[in-house]
K.L.:
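Please see the structure below; I have some questions.
Numbering of ligands and ligand atoms starts at 1, following listing order. Numbers here simply count residues along the sequence, with the first being 1.
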Amino acid sequence: MLQILFAVALLCLAVDADHVDEDPHWGYEGTTGPAFWPSLFPEFCSGSSQSPIDLNDDDDTLETSTNDWVLDRYDIIPDEMIIKNNGHTAQIEWTTADITEVPNVSGGNLGDTYAFAQFHFHWGSKNNRGSEHTINGELFPAELHLVHFNTKYGTIGDAVQKKDGLAVLGVMMEIAKEDNENLNPIIDGLSTIVDADSLETLATPFPLSDLLPADLSSFYRYSGSLTTPTCNEVVTWTVFEDSITISEAQIEKFRNLLDDEGHHIEDNFRPVQPLNGRLLEKIQLE
Ligand SMILES: *[C@@H]1O[C@H](CO)[C@@H](O)[C@H](O)[C@H]1NC(C)=O
Ligand SMILES: [Zn+2]
């Protein structure tokens, strides 16, 4: 059976000829799903410091810190935000290439200053799954990732080659009866990027602070990887204990997006990976 699956995987690579210069085709199910990433992308996806992980209070080390978050330009409204369907997720980027104009984050025991690059989401086909990280074994219906790169490397392209290259802020999303009004600019944008490889300007740009949970004082911290191929082990992860909300009607808009085979994008999360003796901290700011 495995041999058949592998043959199909190779066939899939062979027919993906219009993407010859790119990485092999990957997805979230079947022979290109997460179980096959270590063989399709052996350089990093088979590594021992992979993400996501279970953020388990049995495994974590409690830390207190006075190193408050510094969120620069998180409250400015950018001139333009672009929303993209890349076939795997909905991703939002800013247009400026000048890193002094983008928001940056420091403090929170990060050490360095990290400039904002993009944010995107992971979600389930049902509300009982969707997040990548789990908290004490619990999956959430969706997870938001705000991706930043270390300003000392200048570009995200250089940063993804470096162990301390990226900092991702992860925010769990929980279902609520009421719409989360702060998400509406994104939800409205989703209907303009239903097809894979489409992009549009968001009608209503908004500040990143609209996406953060109310309480940033308690968070998990560990060193891990990108959760999508090529799984580079370059990410300082922060996952906040506090969450934000999304309504059923709003999450349905994410589930309506289509991948490059015309299937709905859903369950676009990688299962948790082993901690393998890494330090997992739960940090409380005071
Ligand atoms: C971070 O953002 C602030 C405010 O825009 C800016 O003054 C500072 O130069 C930025 N830091 C780095 C290292 O880019
Ligand atoms: Zn992600």
K.L.:
Just do the side chain to side chain contact (heavy atoms under 4.5 Å, CB included) check on Asp260 and His25 with the steps written out, would you?
P.N.:
CA-CA 10 Å; Asp260 53 15; His25 179 72; 3.9 Å; yes
K.L.:
Out of Ile246, Leu139, Ile251, which one pairs with Asn127 under the side-chain contact (heavy atoms from CB on, under 4.5 Å) rule?
P.N.:
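Result for side-chain contact (heavy atoms from CB on, under 4.5 Å) with Asn127: Ile251.
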K.L.:
Tell me whether the rings of Phe116 and Phe119 are parallel (<30°), tilted (30 to 60°) or perpendicular (>60°).
P.N.:
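It falls in the tilted class, 30° to 60°.
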K.L.:
Looking at Lys162, I want to see if its NZ is surrounded by more than 12 non-hydrogen atoms of other residues, nucleotides or ligands under 6.0 Å.
P.N.:
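Counting other residues, nucleotides and ligands, NZ of Lys162 exceeds 12 neighbours.
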K.L.:
Mark whether atom 14 (O) of ligand 1 lies under 4.0 angstrom from at least one protein heavy atom.
P.N.:
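Yes; the ligand atom in question has protein heavy-atom contact below 4.0 Å.
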K.L.:
If you look at His122, which of its N/O/S atoms is nearest to the Zn ion (ligand 2)?
P.N.:
NE2
K.L.:
Is atom 11 (N) of ligand 1 close to the protein, meaning a heavy atom under 4.0 Å from it?
P.N.:
yes
K.L.:
Name the closest protein heavy atom to atom 9 (O) of ligand 1, giving the residue it belongs to and the distance to 0.1 Å.
P.N.:
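Sorting protein heavy atoms by distance from atom 9 (O) of ligand 1 puts Asn104 ND2, 4.9 Å first.
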K.L.:
Just which atoms of ligand 1 are under 4.0 Å from any heavy atom in Asp72?
P.N.:
1 (C), 2 (O), 3 (C), 4 (C)
K.L.:
Decide yes or no on ring-ring contact (aromatic ring centres under 6.0 Å, His included) for His122 and Tyr28, but give the supporting numbers first.
P.N.:
CA-CA 11 Å; His122 303 267; Tyr28 287 96; 7.1 Å; no
K.L.:
Checking a contact table here: which protein heavy atom is nearest atom 5 (O) of ligand 1, and how many Å away?
P.N.:
Arg73 CD, 2.8 Å
K.L.:
Do the ring centers of Trp69 and Tyr74 come within less than 6.0 Å of each other?
P.N.:
no
K.L.:
Write the atom name of the N, O or S atom in His145 that is nearest the Zn ion (ligand 2).
P.N.:
ND1
K.L.:
Less than 4.0 angstrom from a charged side-chain N to a carboxylate O is my criterion; do Glu266 and Arg129 meet it?
P.N.:
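A salt bridge is absent here (no side-chain N lies under 4.0 Å from a carboxylate O).
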K.L.:
Taking distance alone, with no angle check, do Thr151 and ligand 1 share an N/O pair under 3.5 Å?
P.N.:
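No - when backbone and side-chain N and O of Thr151 are compared with those of ligand 1, no distance drops under 3.5 Å.
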K.L.:
With atoms numbered from 1 as shown, which atoms in ligand 1 lie under 4.0 angstrom from a non-hydrogen atom of Thr100?
P.N.:
5 (O)
